[in-house]
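Numbers restart at 1 for each chain; the letters A, B, ... are given by sequence-line order, proteins then strands. Reckoned from all heavy atoms, side chains included, excluding hydrogens, waters and symmetry mates.
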Protein chains: 2
Amino acid sequence: MGADLLVTLDAVIVAVTGVQPRVLTVAGTPPALPSGPLSVADDETLELGMRRVIGEQTGVEVGYIEQLYTFGDRERIRSPGGPRVLSIAYLALVREASTAPEARWIDWYALLPWEDHREGVPAILTDHVLPRLSDWADQDVDRRARVSVSFGVDTPWDPIRALERYELLYEAGLVAEAIRDRRDDRPVPPTGVEMASDHRRICATALGRLRGKLTYRPVVFELMPDEFTLSELQRTVEALVGLRLHKQNFRRLVDREHLVEGTGRHAPSTGGRPAELYRFRRSVVGERPRPGMRLPPFRG
Amino acid sequence: MGADLLVTLDAVIVAVTGVQPRVLTVAGTPPALPSGPLSVADDETLELGMRRVIGEQTGVEVGYIEQLYTFGDRERIRSPGGPRVLSIAYLALVREASTAPEARWIDWYALLPWEDHREGVPAILTDHVLPRLSDWADQDVDRRARVSVSFGVDTPWDPIRALERYELLYEAGLVAEAIRDRRDDRPVPPTGVEMASDHRRICATALGRLRGKLTYRPVVFELMPDEFTLSELQRTVEALVGLRLHKQNFRRLVDREHLVEGTGRHAPSTGGRPAELYRFRRSVVGERPRPGMRLPPFRG
DNA sequence: TAAGTAATGCTCAGATAGAGCAAAAGGATG
DNA sequence: CATCCTTTTGCTCTATCTGAGCATTACTTA
């Protein structure tokens with residue numbers, strides 16, 4: 001026992017450029033997350049091992065890093081005769097999008113298009129996903145309830161439920177991976193870019209976790225440059241949460257939590273009144289219990 | 001590679017009896033969490049493997065189970081020449097406290113005595129821990145800030161920071177494990193019951209996670225019998241959170257969230273007005289986005 | 001019958017969240 | 001130079017939520 005087991009470290013590396021959140025992938029068909037075996041002998045800690053793998057595969061230096069989840073179902077990765085694979089997944093946040101040539105950034109919402117509600121409920125959801133989910137859940141009270149909460153049918157849409165939503169789509173056979181894993185021959189559904197193995201599930205896990213963490217830890221600032229305007233900050237949060245926020249209330253929040261401090265200087269104008277540049281007040285972390293950005297549908 | 005690696009599944013199994021939260025341990029000195037190797041060949045999923053290990057070692061049938069964290073630092077478990085150990089830890093909740101003979105329940109607050117603030121700030125904290133932490137953090141701005149947030153010196157006490165607190169105590173050499181791991185010969189500090197390996201750290205992780213989860217998922221009910229009074233429910237929540245709650249406001253909360261429904265019947269009286277028996281409304285999970293018990297110091 | 005005890009019901013002030021109006025400070029346009 | 005356009009910034013108003021306490025009810029016990 002233990003002989004035919006492989007432990008890999010997989011990373012969901014996230015950056016936000018402009019209004020678009022992106023995930024770093026390694027080229028291939030389908031694209032995959034950066035991933036490499038744990039070096040049992042050399043990696044002092046799992047986190048250091050993860051940093052090593054990320055460095056080797058992408059050339060990116062990541063700052064913030066956090067363990068996400070360990071995936072180890074036996075049938076997860078179907079390579080007959082191969083070892084059983086245990087994947088320890090991490091979430092990493094980076095500021096810039098410089099990469100090694102084999103690595104490329106994919107829009108997060110190209111992977112999980114139903115998660116982006118910034119322009120209202122996306123068409124893929126109303127026109128494609130929901131009708132099919134509704135068929136799939138028909139006659140089954142339990143499925144109906146799950147679809148309802150996860151996709152906010154009678155309840156508000158909850159951004160952090162990204163994983164539940166992906167899992168429902170997988171179960172209902174509405175993502176490419178489900179069809180592939182079942183060796184089905186149905187046409188590939190138009191529900192976002194397929195990924196290798198269960199990497200899209202890992203991405204969904206990461207998205208939900210990150211959205212949740214935003215509310216009680218100032219993780220957004222790991223994605224921001226040193227100085228930024230409040231609008232840029234808001235656009236970044238919106239990009240992650242997949243929702244539009246009320247501008248004045250967003251400022252009030254950031255203000256009340258003392259998350260930032262003004263620099264007195266102003267950003268080069270982009271058409272309207274010039275915005276003041278702010279920087280993150282690192283000391284909040286040592287001052288307030290749960291500094292973060294309360295999100296709109298934080299409760300029902 | 002992979003040859004000298006052992007993957008174990010460790011469980012923090014929690015029950016609440018009366019006002020006391022308890023953790024199931026296997027006998028030994030020091031006591032340890034139920035733990036066993038993942039069967040690479042037989043365990044279909046990690047969770048099923050965990051259930052198998054729990055059943056084998058404790059005879060307990062657990063209902064709710066949730067993956068906590070994967071621990072894998074190379075120097076974690078010091079057995080020279082032995083394999084490197086990767087531990088996937090789970091949190092499990094059970095209703096009753098029946099066990100196999102080799103297993104025994106330990107009060108959670110015997111392990112982490114500084115976490116119980118139901119009777120006010122515990123003496124161990126004010127008289128022992130805080131003075132020593134203050135010495136340890138003296139002259140070091142960074143340490144001071146960490147102590148301050150984690151232990152609520154100038155900020156409110158935050159129940160979910162249990163792991164941070166344990167880690168600070170470990171770093172400051174204020175728990176038995178720290179002294180043991182450093183092969184130090186200082187006297188054993190009076191800061192709760194020592195556990196094997198890093199199991200007390202795992203317990204702290206579990207406590208923090210459970211406290212957090214209470215606020216947005218109705219997990220308490222996994223610890224309650226089918227029918228209970230609102231006072232019993234409150235006492236259970238208080239036991240986990242380690243804080244007293246305002247009775248009337250607690251009822252209002254439970255009420256507003258539609259978490260329970262009355263049965264019309266009443267509990268055998270215990271001295272005052274007989275309390276109505278309630279049961280969990282399972283359907284809330286399908287109705288509201290984040291049903292749970294908002295906790296008092298939920299924000300600063 | 002009165003006293004004790006816990007459950008339950010209700011009120012009230014302060015804080016928060018959601019939404020919108022209005023003024024301010026630039027650039028672009030004529 | 002005045003006007004319009006755009007975005008930032010400041011402020012207000014209301015509904016809701018939270019924390020805290022008082023009052024009443026329904027039992028048991030003395």
* To do: Among residues two or more places apart or on two chains, list those pairs meeting salt bridge (Lys or Arg N to Asp or Glu O under 4.0 Å) that have a residue in residues 231-242 of chain B.
  =>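 Those involving residues 231-242 of chain B are B/Glu238-B/Arg244.
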* salt bridge (Lys or Arg N to Asp or Glu O under 4.0 Å) partners of residues 265-278 of chain A, not counting sequence neighbours, each pair once ->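 Residue pairs passing salt bridge (Lys or Arg N to Asp or Glu O under 4.0 Å), neighbours aside: A/Glu227-A/Arg265.
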Write down the distance between [atom1] ([X]) and [atom2] ([N]), rounded to a whole number of angstrom.
X        : N      : atom1 : atom2 : answer
B/Glu232 : C/dA6  : CD    : C1'   : 13 Å
A/Phe250 : C/dT16 : CZ    : P     : 18 Å
A/Arg251 : C/dG20 : CZ    : C1'   : 16 Å
B/Leu253 : D/dG19 : CG    : P     : 9 Å
A/Asp255 : C/dA17 : CG    : P     : 13 Å

* Look at the side-chain N and O atoms of A/Arg256 and state whether any lies under 4.0 Å from the OP1 or OP2 oxygen of C/dA15. =>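 No.
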* Asked: With the sugar-phosphate defined as primed atoms, P, OP1 and OP2, and the base as all remaining atoms, what B/S/- string results for nucleotides 21-30 of chain D, 5' to 3', for protein heavy atoms under 4.0 Å?
  -> BB--BBBS--
* Asked: Touch check for B/Ser231, heavy atoms < 4.0 angstrom, all strands: base, sugar-phosphate only, or nothing?
  ->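 Here B/Ser231 touches the backbone only, sparing every base.
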* **Residues in ring-ring contact (aromatic ring centres under 6.0 Å, His included) contact with B/His117, at least two apart in sequence or another chain** =>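 Once residues adjacent in sequence are excluded, the partners of B/His117 under the ring-ring contact (aromatic ring centres under 6.0 Å, His included) criterion are B/Trp157.
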* Record whether the side chain of B/Arg252 comes under 3.5 Å of the base of C/dG9 through a donor-acceptor pair of N or O atoms. =>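 It does not, because no donor-acceptor pair links the side chain of B/Arg252 to the base of C/dG9 below 3.5 Å.
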* With sequence neighbours left out, which residue pairs that include part of residues 204-227 of chain A fulfil the ring pair (Phe, Tyr, Trp, His ring centres under 6.0 Å) condition? ->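 Residue pairs with at least one partner in residues 204-227 of chain A: A/Phe221-A/Phe228, A/Phe221-A/Phe280.
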* Asked: Is the shortest side-chain N to carboxylate O distance from B/Arg217 to B/Glu66 below 4.0 Å?
  ->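 Looking at B/Glu66 together with B/Arg217, the answer is no, because their closest N to O distance does not fall below 4.0 Å.
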* With A/Ala110, which residues qualify under side chain to side chain contact (heavy atoms under 4.5 Å, CB included), at least two apart? ->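 A/Ile106, A/Asp107, A/Val193.
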